[in-house]
Amino acid sequence: MSSFPPVSEQMELLLRGAVDVVSGDSLRQRLEESRDENRPLLVKTGFDPTAPDLHLGHAVLLRKMAHFQQLGHRVLFLVGDFTAMIGDPTGKKATRPQLSRDEVLANAATYQEQAWKVLDRDKTEILHNSEWLSRLGAEGLIRLAGSYTLARMMEREDFRARFENHEPISIHELLYPLTQGYDSVELKADVELGGHDQLLNLLVGRDLMRARGLEPQIALTVPLLVGTDGAQKMSKSLGNAIAFEDSPREMFGRTMSIPDSLMWDWRLLLTDLDEAEIDRQKAEVESGDASPREVKADLAHDLVRRFHDREAADEARAEFDRMFRRGGVPDEIETRAVPAGQALFAVIADTGLTESRAEARRLIQQGAVRIDGEKVLDPFFPLPCASDALLLKVGKRRFLNVRPG
RNA sequence: GGAGGUGUGGCCGAGCGGUCAAAGGCAACAGACUGUAAAUCUGUCGGGCAAAGCCCUACGAUGGUUCGAAUCCAUCCGCCUCCA
């Protein structure tokens, strides 16, 4: 008797949201073997822990790993402590900085701490690729390099683009896909997961495995999540990310700010809602039977619940309604003491609501600043003495209570 | 090894020795309209100053020429191209 669910059921879950599967047939076949022999598949995912703040973009891949876990397969969380020191060139227009070993290990620890919000910690095996890669030595590395060609490497769009644009490509960057592929050889992985941009790296792994007489791994990729700007892939440096660690309010609000057209992707990739149900909602919104705002709020609620808890999600939603639908203010606003009679622009800048006094003046003149709901256009407006705190509002979302005295 | 090119604000990209805090685009921010969506329109977009002006800092780095340098010169650093 097998402990694994039927293969068709497994396939459905595993292929949800996937971009590439090389190949679907071999995945099915291997799942069948696994089920027949009652042996879990070995699923490898490499992490290059350069950015310790996880965001929803990372969640897509972690969720795919979680799917394999749910089905009873062995999921390896491979810390690329060796490869991180090389710096993965994928998708970068510039050479990545090479990190020290200590930085990498510290990042990896932070990374994992957050990853357990999505992955089942007890079912995750953690390995570090320095274990075998540092043993490889110069000779081993050169031999490894001998099994691939420059032409094949240059098939990669990011390398090619950089080459054609006369941008630098360091030799060490060419070694990255090879070392990553070597990990698969070493682990004899059945499946390797990665973002869509990793496809070529995963395929290098297949080639290297085949060359050594191993059954090549199945490459399965997930899409790169588009960020809150609706245009570029989610990334902290582009400011379009929602971090696992963001507060419920922030997570809810930032989700509400995504373009409507994006919410279906997010639904599919970040939540468990049935694909059929997603399609149904989409049809309803398109026909005007459902409000896109409400559908998006459900999504936001779902995400907050997932990364915080149900209560936090309820609160975030209620607060959002209060603030933005009814023009109210948030529950908790920090209160600061400020000198009475000080000019408004100085107060705003000095309390950090704006980055500079010049910016404060401009915003006031543009009508972006309100005191207790009253628009004030004079930057030199002196803050009156008041027994109660005054509510300062700058733009739509910056609030502060000040108590002049 | 030889020859040449290039380095400007978050990004791309103009820039004649003075009129350059530096065109234009993107992004961002604010206002209007809204659903903190999209689209559209308007404005802002180094810092300081009760300010249509003045001052400070800034065009890879350091020096220099000049009354005056993003613009010219030297050295250094980074990057690229061609030839070998």
Side-chain angles (χ1 to χ4, degrees), chain A residues 92-95 97 159 161-171 173 226-242 246-267 281-282 284-286 288-301 303-304 316-330 341-350 352-370 374-383 392-399:
Chain A
K92 293 287 156 180
K93 48 180 186 179
T95 306
F159 281 143
R162 279 163 62 183
F163 189 74
E164 283 168 2
N165 292 328
H166 305 310
E167 282 160 12
I169 300 172
S170 301
I171 303 298
E173 297 181 77
V226 174
T228 55
D229 59 357
Q232 292 181 275
K233 77 166 186 176
M234 184 173 284
S235 124
K236 194 182 172 187
S237 56
L238 292 174
N240 63 358
I242 297 178
D246 281 348
S247 68
R249 185 197 298 178
E250 235 174 317
M251 191 175 273
F252 195 97
R254 289 178 65 75
T255 303
M256 289 306 283
S257 79
I258 68 173
D260 290 353
S261 55
L262 189 57
M263 62 184 170
W264 313 113
D265 263 0
W266 280 37
R267 256 294 177 209
Q281 288 187 355
K282 190 174 178 183
E284 278 188 8
V285 165
E286 276 164 6
D289 292 333
S291 143
R293 212 202 77 88
E294 289 308 312
V295 173
K296 205 195 284 178
D298 287 343
L299 167 66
H301 184 271
L303 290 175
V304 176
R317 184 171 196 157
E319 168 140 320
F320 182 85
D321 282 351
R322 193 165 53 245
M323 273 179 70
F324 297 107
R325 299 183 72 184
R326 300 202 289 274
V329 297
Q342 196 179 17
L344 180 59
F345 80 92
V347 173
I348 287 175
D350 296 352
L353 286 169
T354 60
E355 292 201 0
S356 70
R357 291 185 165 204
E359 188 191 356
R361 288 174 202 237
R362 282 184 231 117
L363 288 175
I364 293 167
Q365 281 159 0
Q366 290 185 97
V369 175
R370 288 166 188 268
E374 291 292 319
K375 191 181 283 184
V376 177
L377 293 170
D378 175 15
F380 297 99
F381 180 81
L383 276 199
L392 291 187
K393 183 183 182 197
V394 178
K396 277 179 213 159
R397 51 195 96 167
R398 282 171 270 179
F399 293 91

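Chain letters run A, B, ... following the sequence lines, proteins first, then strands; residues in each count from 1.
Residue A:Arg293 has a polar side-chain atom (N or O) positioned under 4.0 Å from OP1 or OP2 of B:rU36. In terms of phosphate contacts, A:Arg362 brings a side-chain nitrogen or oxygen within less than 4.0 Å of OP1 or OP2 of B:rG47. Contact check, A:Arg357 against B:rC49: a side-chain N or O comes under 4.0 Å of OP1 or OP2. Contact annotation: A:Ser356 side-chain N/O to B:rG48 OP1/OP2 distance is under 4.0 Å.
Across the interface with RNA chain B, nearest-nucleotide mapping of A:Phe380 and A:Phe252 shows A:Phe252 to be the residue nearer the 5′ end.
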Requested in this report: Report, as a single string ordered 5' to 3', how protein heavy atoms within less than 4.0 Å touch nucleotides 28-33 of chain B: B base, S sugar-phosphate only, - not at all.
Outcome: -SBS--
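If you take atom P in B:rG46 and the same atom in B:rC29, they sit 16 Å apart, rounded to whole Å. Nucleotides B:rA28 and B:rA39 are separated by 10 Å at their P atoms, to the nearest Å. Atom P of B:rG1 sits at a distance of 30 Å from the matching atom of B:rU71, rounded to the whole Å.
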Query raised in the report: Which is it for A:Arg362 and A:Glu359 under the salt bridge (charged side-chain N to carboxylate O under 4.0 Å, His left out) test, yes or no, and what are the steps along the way?
Result: CA-CA 5 Å; A:Arg362 282 184 231 117; A:Glu359 188 191 356; 5.7 Å; no
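Taking the side-chain contact (heavy atoms from CB on, under 4.5 Å) definition, one finds that A:Ala360 meets it with A:Phe345, A:Ile348, A:Ala349, A:Thr354, sequence neighbours left out.
Residue A:Pro259 is in sugar-phosphate contact alone, with no base atom involved, counting any heavy-atom pair closer than 4.0 Å across all strands shown.
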